Structure formats: C-alpha cells, structure tokens
2 protein chains.
Amino acid sequence: MSSTKPPMRDALVAAAFRLFLERGYEQTTVDDIVALAGVGRRSFFRYFPSKEDVVFPDHERCLADVTAFLDASDPGCDPVQRVCEAVRLVLRMYTENPTFSVQRYRLTKQVPGLRAYELSVVWRYERSFAAYLRGRLKGLHDGTLRADVIAAAVAAAHNNALRSWLRSDGQDDPEEAVEHALGYVQSSFGGRGAPAADQESEDVVVIVSRRGAPMWRVVQEIESTLDGG
Amino acid sequence: MSSTKPPMRDALVAAAFRLFLERGYEQTTVDDIVALAGVGRRSFFRYFPSKEDVVFPDHERCLADVTAFLDASDPGCDPVQRVCEAVRLVLRMYTENPTFSVQRYRLTKQVPGLRAYELSVVWRYERSFAAYLRGRLKGLHDGTLRADVIAAAVAAAHNNALRSWLRSDGQDDPEEAVEHALGYVQSSFGGRGAPAADQESEDVVVIVSRRGAPMWRVVQEIESTLDGG
DNA sequence: CCCCGGACAGCACTCAGTTCCCTCGCACGG
DNA sequence: CCGTGCGAGGGAACTGAGTGCTGTCCGGGG
C-alpha cells in the first residue's frame, strides 16, 4: 500500500484514523493510538509534534513543494497565473487520496480544534503565495496590498471549490471546479489573465486600460473583449 | 477607563498582560495570573474559556456587533460596500486602544499559538462577511464563490492596512490606510464601487459595465470615470 | 429564620506535550 | 571476537491547561 520509507509513521496515521472515525477525535487519546499501533507513546511525538498533526500528515511536504515551485518561477511569467498553478499542487494533494480527504473533511468539520489547526495550515499556503507575489509586484503601486489581496482571493477560490468537492463525497470533478473558480479570480485581477472561457453566462465584463492611453485604444480594447466573450 | 461591569474580568486581563510583557506568554502560567490578580484559578476559566482568550478579550463582542450590523442591512444597499463598512467596525475596535493593540500585536507576532488563535478569530469575521454576501448574491451566477472571494479580499485588505498600522506603533493613520485598501478591493470587484479618490497616482483604471449595454453607455461610463480621476 | 441561587475558592482528575534515562540493535575499528 | 559508539525506540516522571465536583460566602425572598 503505502511507501516503505517510514512504516511507523504510516502505522500511527492508520491507527489514529481508525479510532477517530470509530469514537471521535476528542474521545481518542494519544495513549489509545499508540496502544493500537503497538508503539511507545514517545514515538508518536517523534513523528508528529502534536496530536493535531496526525490528521494532516502530508501538508508539511506539500507546503515545501509549493514554496519550491514558486521559487523556481520564470521571472517573466504572469505572477497571478503562477500562483494559480501553485494552488493546483495543493488540490492534487487532496485528490490523490479522495477517501482519506473526505474522511478528514468530516472530522475537521466537527472538531473546532481541528478547524483551527487546518486554518493555520491554509494560512501558511496563503503566506507563501503572498510572499511570492510581493516579490513580483515590488515597486508597483500598492504592491504588497495587491499581493496580499490576490493571495487571499486565490486561496478563497481554491477553498470554495475544494470544499464543494469534499461535500460531494468526491463525486464532482474537482479540477473543473477549481479551474472555474480561478478563472473568476483571474478575471477580477487579471494581469494578462484571459477572460476565462467558462464565463459566457456572466453578465459583467471587466476592462483594464492604461490611463493616458488614447481613447481610440480604449474603445478598441473594449470591442475586442466584447467580441471575444 | 474601562466600564464598571466586570471588575474581575478586567483585573485578569490586566494581570495577564503585565506578566506576558514581563516574562512572555509561554513563561506565564494561569496560576501566575490568578495569583497576581488575587483570585481563584477556577475563576479565570469562568471568564475565559482558554488561556489564549485573555489576549483577545473583546473580539467576541466585536464579532457579534459585526454580525448584527450586517443582519440589519438595507436590502437595497450595495453588499460590497456594506461589508466594507462592517470591516471598519473591526478596525475601530483596534484603534480604540492603540497601546493595547500594539502590545498584543508584538505578542502574537512572537508566539505561534497566539497567531493560530488570532487566525481563527479573523476567520470568523470573514465567515460572517461571506455569509452575508452569500445571502445577497444568491441567485447570481457563482454567487457563493464570489461571496467567499470578496469576503477574503476585504479581510485581507483590512489585515494589510491594520498590520502596517500596528507595525508603525500606532503612528500612521489607520483609517486612511484601510480606506485606501478597501478602495482597491472595491475597484476590483466593484458593484457600483466608486473609483476611490486616492487612486490619482494609479496608472490603470478599471471599468465595469453590464454586458449588453449599448456602446454609447459604455463610452459615457469611461469618460466620466476618466474625468473624475 | 431558613432557604435558594449565583459568584467564587480550591481540590482532584485527565490528558497533551516534554524531559530524562534506559535498552536494543547495528555498524564500526581494534 | 569484543568493546564502543550511536541512533531508534521504550517508558517513567513531570509540567501545565482545562474540567468536574464540592464547599463556602452572600444577598434577597419566603
């Protein structure tokens, strides 16, 4: 089943989830988990700094992946699009284990402590996005403000699509939903963001133009955008 | 200074902050706090469900204010503007006690546990915004998605302005910074959002128009926006 | 006068997380 | 073949947050 790298770590995750699903998160003590896994209590805290961490065993690695992905960006690429690509890495991590993700979702929905923990995890992704955008938008007017707002918008769009997929018990197509949500964000902030093909039923259109450009250019831009829609 | 309603609660907050600033949050136990305040340990947990809550003593009330404010909205008002007004209530709560807010900011910046807690508080504001926007945008295309994204953007703009004010030790003008940040968000998502007076040094202008409107109306809108800028 | 309900004190308990020390297995060089 | 060192794991004991329960004080109403 799982890889052969850390047998003990996986055993702890498996034991923990069995108990969490049977009797609930708060009704399960760390001693229960280590007893079922047949290991010492101390070993649990060697692999997971806290009881909550066992619920999100792969976020640490994914966060590192996202940060590395953004660090390796081509300096010429569209930063907003790049962040949108990064968020797809996060989605992939959820969709790799659909049943696990759905079980975890049900758990975090019920336990306030886990929701708070998940929040802090999501926040770290958002800060990674924002740090990258700040670097790319430095010098532009309101660079850090725009970086923070765009990072928050991308994260919110991702979460919206992810949660509706999780609520559907993994039935819906998560890629499609995230693509659609990111299209909305890109059309709102779009640098060169395309107007997103699936906006045909949208009733507003956003046009961005340099101030000072001649009016004929502005009108031309509008016409091409409307025609393309 | 503070109201005369709960003397014990205020005494606990005062004692807690004295110790937190002296020797740090994690180096201070609840027993230390209650000893300094001269009350029983059990009384602390009567007023604050957890040790972290004593650091954010007025957020619960503020969150209730925000929710009530949004619930009392005129159904005809611009929902995005309404949320922007709600976020000013949150800002006011910080600016009412500048020194307290700055001290708390320094504390939360250092202690990971407090950052996580603050995150969950901010998240509840955001969910309050999103719930209101979902109600107002219901039926529109992508209503819940737009509600979530706009709520996140407004919260991020507020946080950006708030944090830069807190970093300035309360020297900068927080109202102005938040106004500016909200102007950016409104111009990105604007329903009828004004182009925000302080965007004069901005080099792009965003125009939103109903698809299907006659072209002369679109041009008229552009001209009036450019002239007003 | 007693009773009752709420605010508070204080003890005892659970459990998460940490510290310290022990054992076992395993490779290493002598 | 035998120390010797070392890293992974086991386990006891401790700290501190949070909870439950019991007892006490106090003010107001029978």
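Because the structure is predicted, anything quoted here is derived from the model rather than measured. Just so it is clear: chains get the letters A, B, ... in the order the sequence lines come, proteins before strands, and each one is counted from 1.
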* Asked: Does the side chain of A:T28 pick up a donor-acceptor pair with the side chain of A:R23 at under 3.5 Å?
  -> no
* Looking across every strand, which nucleic acid part, if any, lies under 4.0 Å from B:F44 by heavy atom: base, sugar-phosphate, or nothing? -> nothing
* Structure fact -> Tested for side chain to side chain contact (heavy atoms under 4.5 Å, CB included) against A:F129, the lone hit among A:V83, A:D148, A:I150 is A:V83
* **Whole-Å gap separating P (C:dG6) and CE (B:M8)** => 17 Å
* Mapping A:S50 and B:Y47 to their closest nucleotides on DNA chain C, which lands nearer the 5' end? -> B:Y47
* Structure fact -> When rounded to whole Å, the CD to P distance for the pair B:E26 and C:dT18 reads 10 Å
* Distance in angstrom units between A:R9 CZ and D:dG9 P, rounded -> 13 Å
* Starting at atom CG of B:L12, determine the distance to atom C1' of C:dC8, rounded to an integer number of angstrom. => 12 Å
* Asked: Atom CG of B:D31 and atom P of D:dT15: how far apart are they, to the nearest Å?
  -> 12 Å
* To do: Could you verify whether a donor N or O on one side chain and an acceptor N or O on the other, from A:Y125 and A:H59, lie under 3.5 Å apart?
  => yes
* To do: Spell out yes or no: do the side chain of A:R41 and the base of C:dG17 have one donor N/O and one acceptor N/O closer than 3.5 Å?
  => yes
* Rounding to a whole Å, what distance do you find between A:Q27:CD and D:dT19:C1'? -> 14 Å
* Please state how far atom CZ in B:F48 lies from atom P in D:dT19, giving the value in whole angstrom units. => 15 Å
* To do: Just say parallel, tilted or perpendicular for the rings of A:Y184 and B:F189, cut-offs at 30° and 60°.
  => tilted
* Does B:R46 get its side chain close enough to the base of D:dT19, under 3.5 Å, for a donor-acceptor pair? -> no
* To do: For A:R42 and for A:V30, find the nucleotide of DNA chain C with the closest heavy atom, then tell me which residue's nucleotide is more 5'.
  => A:V30
* **Euclidean distance, atom NZ of residue B:K51 to atom C1' of D:dA17 [Å, nearest integer]** => 8 Å
* Backbone of B:R124 reached by a side-chain donor or acceptor of B:S128 within 3.5 Å -> no
* To do: Please check the phosphate of D:dG10 (OP1 and OP2 only) for any side-chain N or O of A:S43 closer than 4.0 Å.
  => yes
